[in-house]
Amino acid sequence: MSDNPYLAHLNQGGNQEKNAFNGLIPRKTTAKQAEKLENAEANPFTNKPFSAKYQKILEGRRKLPVHAQRQEFLDMVHKNQFVVLVGETGSGKTTQIPQFLAYDELPHLKGKMIACTQPRRVAAMSVAQRVADEMDVKLGQEVGYSIRFEDNTSPSTFLKYMTDGMLLREAMTDPLMSRYSAVILDEAHERTLNTDILMGLLKEVCKKRKDLQVIVMSATLDAGKFQKYFDNAPLLSVPGRTFPVEIFYTPEPERDYLEAAIRTCLQIHVSEPEGDILVFLTGEEEIETACSKIRAEGDELIRSQGAGPLKVVPLYSSLPPRAQQQIFEAAPPRRTPDGAPGRKIVVSTNIAETSLTIDGIVYVIDPGFAKQKVYNPRIRVESLLVSPISKASAQQRAGRAGRTRPGKAFRLYTETAFNQELIEATYPEILRSNLGSVVLQLKKLGIDDLVHFDFMDPPAPETLMRALELLNYLGGLDDDGELTPTGELMSAFPLDPQLSKMLIESPKYNCSNEILSIAALLSVPQIFTRPNNARKAADEAKAQFAHADGDHLTLLNAYHAYKTNNEDQNWCYDNFLNHRSLKSADNVRNQLRRTMEKYDLDLVSTDFEHRSYYTNIRKAIVAGYFMQVAHLERSGHYLTVKDNQIVQLHPSSCLDHKPEWVLYNEFVLTTRNYIRTCIEVRAEWLLEVAPSYYDLSNFPNCHGKRQLEQIKNKKARNDDEKKSSSKKRRH
Ligand code: ADP
Ligand code: MG
């Protein structure tokens with residue numbers, strides 16, 4: 001028997017099947033041997049003949065920059081547990097490196113898998129599809145993906161693309177990540193909360209599992225920091241095949257970046273030579289608006305100036321996968337042989353900054369903004385805010401223009417602003433987030449000493465304290481910071497702690513079936529659609545489902561109507577409901593229901609005819625969200641309880657009668673402070689459901705507090721009276 005642990009495993013595994021890999025010693029394959037297998041007649045992983053499509057893609061893959069360094073990469077992983085790899089976007093990191101490892105590790109022979117994490121769901125799904133094509137296998141078989149609420153893998157999967165959040169979740173039940181022989185942390189430069197936690201965790205796991213290989217991949221940013229963090233890991237840097245990009249600034253600041261972006265786009269189209277355009281905007285609504293305006297004005301330019309045809313494609317994460325695939329399609333052909341060339345215009349969030357590579361981009365338009373998460377621990381508000389990007393982001397965006405040939409980047413801000421106002425690099429998410437969920441997960445992982453956890457950038461102590469406080473009020477942690485049985489249960493759900501708490505409490509209020517639906521509806525993209533050209537009709541359609549007590553119940557009504565109408569797509573369309581969101585809510589609901597069943601949480605409903613049907617639901621929501629309540633003050637505005645922030649009901653809310661107490665699901669920071677997805681609640685419920693939070697001693701003075709105090713005192717008096725009268729009776 002060999003002393004090579006991999007070979008030993010192989011022999012024990014008794015995989016006797018004749019296989020193209022027989023005779024190769026795992027972990028010692030050379031690039032040449034692997035390439036030979038890739039060029040063979042049959043797929044070594046499936047023993048099926050390779051398709052013609054495979055051969056064609058293979059040709060292209062061999063031209064990618066990482067290909068030239070395959071041997072160097074293998075040498076490095078054979079000698080080191082951690083390897084840091086940096087390379088230009090598009091050089092082949094995400095698609096090729098996991099395959100290099102697969103041909104080397106042969107995880108399928110050891111019953112192990114290779115994980116490749118992605119910060120974004122979209123990237124995980126689309127890259128998995130691409131790599132399944134490249135390996136000539138069916139997606140979900142040998143190559144699969146796993147994202148929250150969607151597991152597209154099978155027992156034969158050995159290469160798994162997954163969101164960083166999913167791997168973290170798996171670690172909670174498998175702390176040594178024993179299912180994996182290698183973990184690739186991709187897009188590490190994005191420094192998402194989950195990737196940061198995974199990095200710390202993997203450092204721990206690797207001390208105990210010397211057989212686990214970890215590759216950290218990143219765009220060409222900050223490699224040194226990663227190397228140092230991973231015990232001076234070696235660096236493989238893949239030189240990109242990049243062309244120079246000329247940068248243009250606006251002479252004056254732009255007042256309206258959206259308008260400016262559209263104008264610049266059309267200008268490029270009529271005045272610049274052939275080549276596709278990539279425009280960076282901040283979110284779905286803005287992107288859809290820009291797309292329709294560019295399309296309309298583009299048509300006008302064709303008519304008036306004989307401009308070339310346009311293909312305008314949006315790209316954002318909630319877009320259905322099929323629509324996303326359009327970004328890879330070619331620009332439209334000329335309308336006549338001597339007509340102007342066609343052009344593809346991709347209007348995208350910063351998802352196209354590094355996560356997805358679009359070939360053929362020559363022009364980039366960068367207004368300098370992105371939607372970014374911000375967290376203010378003092379008022380406990382986490383929100384997505386349109387904010388200026390960093391210099392590093394701006395450089396990355398510009399780089400997208402130089403992939404095929406020399407390109408141009410149009411920055412819609414001044415050079416002075418770039419030099420003086422933009423920060424060097426985006427702050428890691430861990431410094432900008434509410435850590436409630438993460439702290440719960442870490443506690444579940446057995447990491448008790450959060451202060452000494454090896455974070456690459458430790459979060460602010462105040463943020464950690466807020467998280468501990470939140471979990472303590474929710475009953476997930478006891479006063480010593482230990483996980484309680486409720487906390488254990490909460491961590492079993494892939495949800496924010498408030499949502500899990502609401503679910504766990506719902507059987508007590510006899511409405512877990514309904515709360516399950518609400519939790520699912522709150523976990524998917526907006527189900528109500530409101531197209532710009534049909535706002536009135538959309539609002540009327542939504543009014544059919546409106547419930548006077550608030551938005552959670554409105555969501556529930558719409559969901560019930562969807563089920564009553566047999567989940568019909570046309571019915572959804574006619575009623576301005578997003579069919580995809582509802583379908584995915586249904587799927588989420590099923591998965592959450594399974595978790596409820598697994599932990600013996602009863603699935604119950606109050607009789608619909610009974611008058612407490614909706615009250616029970618609202619009380620259960622209070623059980624999770626009692627910390628997110630606002631009171632209507634005498635002055636006529638809402639003040640959040642305890643943090644005393646002035647807020648307004650979001651215009652989308654169906655609560656039109658300004659109730660005295662409202663509970664909100666989300667605090668939205670824009671030009672104003674909005675609270676979104678609200679229901680009316682009663683002060684008595686707050687005191688009843690969360691007495692320790694509402695002890696009022698440390699609440700700032702406001703009308704809401706006095707109101708709560710009065711109710712509390714009255715109740716105390718009543719209780720006293722009851723007590724003394726029962727005493728009298730006994731005497
Ligand atoms: P990196 O991770 O280094 O940014 P990728 O591995 O994602 O690079 O992509 C390498 C190349 O593979 C891209 O430049 C593109 O040519 C091709 N590619 C990736 N995904 C797709 C896809 N879905 N369709 C067509 N080509 C793709
Ligand atoms: Mg990549």
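Remember, it's a predicted structure, so these values are computed and weren't measured experimentally. We count ligands from 1, going down the list as the structure has it; atoms in each ligand are counted the same way. Positions are given from 1, in the same order as the sequence printed here.
- Residues that satisfy the salt bridge (Lys or Arg N to Asp or Glu O under 4.0 Å) test with R400, not counting sequence neighbours, are absent from this structure.
- Nearest approach of V143 to T157, heavy atoms of both residues: C-CG2, 4.4 Å.
- Using a 4.5 Å heavy-atom threshold, the side chains of Q267 and F410 count as separate.
- Taking a 4.0 Å cut-off on heavy atoms, G92 registers as neighbouring ligand 1.
- A donor-acceptor distance shorter than 3.5 angstrom exists from the side chain of Y229 to the backbone of G200, with no hydrogens or angles considered.
- When each atom of ligand 1 is checked for a heavy atom of R403 under 4.0 Å away, the hits are 14 (O).
- Residues E190 and E353 are not in side-chain contact: their nearest non-hydrogen atoms beyond the backbone lie 4.5 Å or more apart.
- Taking 4.0 Å as the cut-off, G87 does not count as a neighbour of ligand 1 on heavy-atom distance.
- Taking distance alone, with nitrogen or oxygen atoms compared against 3.5 Å, Q96 stays at or beyond that limit from ligand 1.
- Taking every non-hydrogen atom of T89 and a distance limit under 4.0 Å, the qualifying atoms of ligand 1 come out as 4 (O).
- Residue T95 has at least one heavy-atom neighbour below 4.0 Å for each of these atoms of ligand 1: 5 (P), 6 (O), 9 (O), 10 (C).
- Taking each of V66, I57, L64 in turn, the one with a heavy atom nearest to atom 12 (O) of ligand 1 proves to be L64.
- The side-chain contact (heavy atoms from CB on, under 4.5 Å) check on Q71 picks up T30, A31, L74, D75, with sequence neighbours excluded.
- By the criterion of a heavy-atom distance under 4.0 Å, both the backbone and the side chain of K93 are placed next to ligand 1.
- The shortest non-hydrogen separation linking G275 to V362 is CA-CG2, 3.7 Å.
- Contacts of R62 classified as salt bridge (Lys or Arg N to Asp or Glu O under 4.0 Å), with partners at least two apart in sequence or in another chain: E38.
- Contact annotation for E88 and ligand 1: only backbone heavy atoms (N, CA, C, O) come within less than 4.0 Å of the ligand.
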**OP:** Apply the test side-chain hydrogen bond (donor to acceptor under 3.5 Å, both in side chains) to residues R432 and Y427: give CA-CA distance (whole Å), side-chain angles for both, the deciding distance (0.1 Å), then the verdict.
**Re:** CA-CA 7 Å; R432 302 182 275 120; Y427 295 119; over 6 Å; no
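- Counting only N and O atoms by type, the side chains of Q396 and T89 include a donor and acceptor under 3.5 Å apart.
- With S181 as reference, E105 is the one residue of E105, Q213, R209 to meet the side chain to side chain donor-acceptor pair (under 3.5 Å) rule.
- Between G90 and ligand 1, at least one N/O pair is under 3.5 Å apart.
- Listing protein N, O or S atoms at distances below 2.8 Å from the Mg ion (ligand 2), with waters left out, gives T94 OG1.
- Proximity of T94 to ligand 1, defined as any heavy-atom pair under 4.0 Å, is shared by backbone and side chain alike.
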